[in-house]
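The structure appears right after this line, and notes come after that.
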Amino acid sequence: YYTDLATVNQHDLINIHSVCSRAKCYATEFPDAWLTEVNQPAMALWDDHMGRVTSSTTTTSSASASSPRALPGYKNYLVEFPGKKDEQFFVDLIDGAIYKVDEDTDVLTESDCYKIWPLVEQADSAEVNQFVETKSFRKLHRRSLEEDMVIVDAVWIRKWKRMPDGSRKVKSRLCARGCFDTQKDLLSTRSTTATRLSQRLLVSLSVNEDFDNESWDVSGAFLKGFDFRRVQELLRSKGIISPDRRVVLIVPANVWRHLMASDESFRVPEGSLGEYFLLCLKPVYGLNDAPLAWQLCLHEFLAAEGGIQSQLDECLWFWRTSTARLKAILTTHVDDLASGGKKPWMDEMYAKMVAKFGKVTRQTLPFDHCGVKYARIPEGISLTQDDFCGKLKEAEIAASRKDDEPLNAQDLTAFRSVLGGLLWLTATRLDLVADVSVLQSQVTKATIAHLRQANKVVQRAKAEHGQGLGLHF
């Protein structure tokens with residue numbers, strides 16, 4: 001097993017070895033969805049395009065210089081359509097769905113990983129160790145596969161994680177591709193987060209009661225939720241039908257190396273990786289029922305600790321004293337918790353969180369929670385979004401475009417993107433609410449004039465950057 005990868009070629013050789021060592025093939029049917037009447041014009045263009053792309057001379061020599069395959073930088077994709085610019089899409093070979101994955105500047109590409117491989121190895125190892133510690137997997141030989149098992153693959157998602165002190169480190173996440181889960185349409189996936197009102201109530205009541213405020217982040221939360229059977233039992237007790245879940249993962253080859261280094265029970269003979277899979281003992285990252293499994297577990301814990309769930313927001317919890325006065329308040333946003341209370345209660349509750357869920361990151365004011373900066377000010381607490389505001393971008397508009405010109409598809413995407421950013425900013429910038437609301441009402445009939453107005457709202461928002469404009473309690 002290789003621990004150091006110096007070149008892309010080495011990585012390709014390992015991938016080729018992994019593919020060739022797989023003794024089992026999975027048959028897939030041709031996606032008939034591609035042949036529907038709606039797709040016939042696109043399929044005709046594809047046939048014509050591929051006919052020209054794959055055409056070659058009658059000789060057995062390499063492709064001619066005029067062939068696209070001979071051009072520098074040509075990529076031999078599975079499916080190709082003619083277009084005005086290069087775009088990469090993904091295709092579901094089962095149902096024919098074609099979709100695009102948006103890019104994120106913090107996401108590490110494969111070529112980026114080789115330049116910082118020691119950091120990537122460290123991050124991968126830490127991620128796999130979480131699965132071992134939480135007993136999320138069991139090794140399974142391919143002969144043990146059964147008909148009712150759901151088989152999906154898993155991929156590495158690696159990003160730069162920005163730390164509170166401004167530094168950054170590599171964060172690796174092993175994610176199952178839940179989009180290929182054949183039971184996904186049968187699952188109850190409802191998982192809520194605290195509303196803006198609840199988050200404001202927490203701060204307002206904390207100021208009134210002279211509470212301390214802290215942010216708690218549960219590390220690897222989804223791996224600490226309930227297992228499949230417990231989730232099914234809880235859902236059925238509420239009258240919700242849920243299928244029996246047995247999910248098997250096909251993981252990248254280096255996952256096995258890290259598993260074997262962490263736990264001998266995962267050891268497999270060298271050269272036989274293709275014969276083994278990982279049986280999920282609980283919902284893991286990427287599976288559609290993972291958020292619900294975590295929320296059910298967290299809420300059961302809070303209730304056991306004397307928390308009272310709000311009837312208006314199930315993610316708002318509070319505690320009372322023996323005289324019915326407010327003792328503490330807490331909101332949940334997946335694995336991020338904001339809390340308010342006196343220091344003794346905060347220390348006691350945090351210790352119980354650590355005892356129950358393991359590593360929990362604890363931050364006192366000032367801290368960032370759900371993209372909002374919480375800070376102590378002389379008269380109370382402020383909520384601002386200066387960092388987010390500074391990252392807003394205006395849409396590009398050619399000076400020659402006329403105001404009454406309707407937006408094309410690309411313009412409309414840019415318009416929605418700008419509005420989405422501004423809408424999130426209105427969590428604390430109430431001075432922008434009216435303008436954003438008016439622009440939102442024009443989305444279906446937007447023109448270049450509306451796009452320019454959206455850019456002006458972005459400019460106005462940034463003009464107040466650094467002035468501490470936001471909510472003050």
| Are Arg168 and Lys161 close enough, and set up right, to give a side-chain contact (heavy atoms from CB on, under 4.5 Å), and what steps lead you there? | CA-CA 5 Å; Arg168 62 179 188 171; Lys161 181 177 180 180; over 6 Å; no

Which residues satisfy the ring pair (Phe, Tyr, Trp, His ring centres under 6.0 Å) test with [X], sequence neighbours excluded?
X: Tyr374; value: Phe367, His369
X: Phe228; value: none
X: Trp156; value: none
X: His465; value: none

What residues form a side chain to side chain contact (heavy atoms under 4.5 Å, CB included) with [X], not counting sequence neighbours?
X: Ala446; value: Leu407, Phe415, His450
X: Ser242; value: Gln232, Leu235
X: Arg416; value: Leu412, Val443

Hey, is the main chain of [Y] close enough, under 3.5 Å, to the side chain of [X] for a donor-acceptor pair?
X: Gln385; Y: Thr428; value: yes
X: Lys282; Y: Leu223; value: yes
X: Arg246; Y: Val150; value: no
X: Lys224; Y: Phe357; value: yes
X: Ser125; Y: Gln122; value: no
X: Glu379; Y: Phe473; value: no
X: Ser417; Y: Thr413; value: no
X: Ser204; Y: Leu201; value: no
X: Ser198; Y: Ala194; value: no
X: Thr426; Y: Leu423; value: yes

| request: For Arg245 and Asp181, run side-chain contact (heavy atoms from CB on, under 4.5 Å): C-alpha distance rounded to whole Å, both residues' side-chain angles, the deciding distance at 0.1 Å, then the answer. | output: CA-CA 11 Å; Arg245 295 281 281 160; Asp181 187 343; 2.8 Å; yes

| said: If you take the centroid of each ring, where Trp contributes its six-membered ring, are Phe266 and Tyr276 closer together than 6.0 Å? | reply: no

Does a side-chain N-to-carboxylate-O contact under 4.0 Å join [X] and [Y]?
X: Asp289; Y: Lys184; answer: no
X: Arg230; Y: Glu233; answer: yes
X: Glu121; Y: Arg257; answer: yes
X: Asp404; Y: Lys402; answer: no
X: Asp244; Y: Arg229; answer: no
X: Lys342; Y: Asp212; answer: no
X: Asp347; Y: Lys343; answer: yes

Would you say the side chain of [Y] lies within less than 4.5 Å of the side chain of [X], judging by non-hydrogen atoms?
X: Asp403; Y: Thr447; answer: no
X: Leu365; Y: Asn213; answer: yes
X: Leu234; Y: Phe226; answer: yes
X: Leu337; Y: Glu214; answer: no
X: Leu471; Y: Ser382; answer: no
X: Arg401; Y: Asp411; answer: yes
X: Leu422; Y: Gln440; answer: no
X: Leu281; Y: Phe137; answer: no

| message | Please list all pairs meeting salt bridge (charged side-chain N to carboxylate O under 4.0 Å, His left out) that have one or both residues in residues 313-332, counting only residues at least two apart or in different chains. | response | Arg190-Glu314, Glu209-Arg325

| request: Kindly state each residue pair satisfying salt bridge (charged side-chain N to carboxylate O under 4.0 Å, His left out) with at least one member in residues 127-137, sequence neighbours excluded. | output: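 Those involving residues 127-137 are Glu127-Arg173.
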
| field | Spacing of CE belonging to Met353 relative to NZ belonging to Lys359, to within rounding of 0.5 Å | value | 14.0 Å

| Between CG on residue Asp263 and NE2 on residue His258, distance to nearest 0.5 Å | 15.0 Å

| request: Mind checking salt bridge (charged side-chain N to carboxylate O under 4.0 Å, His left out) for Asp112 and listing every partner two or more places apart, or none if nothing turns up? | output: none

| message | Once salt bridge (charged side-chain N to carboxylate O under 4.0 Å, His left out) is applied, do any residues pair with Arg376, and if so which ones, sequence neighbours excluded? | response | none

So does [X] have more than 12 non-hydrogen atoms from other groups sitting under 6.0 Å from [atom1]?
X: Arg138; atom1: CZ; answer: no
X: Lys462; atom1: NZ; answer: yes
X: Gln311; atom1: CD; answer: no

| task | Examine the side chains of Ser172 and Asp124 and answer whether a donor and an acceptor come within less than 3.5 Å of each other. | result | yes

| request: Look at the aromatic rings of Trp216 and Tyr350 and report parallel, tilted or perpendicular, splitting at 30° and 60°. | output: tilted

| said: Listing request: all ring-ring contact (aromatic ring centres under 6.0 Å, His included) pairs with a residue in residues 302-344, at least two apart in sequence or in separate chains. | reply: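 Of all non-adjacent pairs touching residues 302-344, those that pass ring-ring contact (aromatic ring centres under 6.0 Å, His included) are His299-Trp317, Trp319-Trp345.
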
| request: Report the C-alpha separation of Met346 and Ser339 in whole Å, then their side-chain angles, then the decisive distance to 0.1 Å, and conclude whether the side-chain contact (heavy atoms from CB on, under 4.5 Å) test is met. | output: CA-CA 8 Å; Met346 303 284 271; Ser339 58; 3.3 Å; yes

| query | Picking from Asp335, Thr192, Thr332, what satisfies side chain to side chain donor-acceptor pair (under 3.5 Å) with Gln295? | reply | Thr192

| task | Verify side-chain contact (heavy atoms from CB on, under 4.5 Å) between Leu140 and Leu278, making sure each step is shown before the conclusion. | result | CA-CA 6 Å; Leu140 186 73; Leu278 291 176; over 6 Å; no

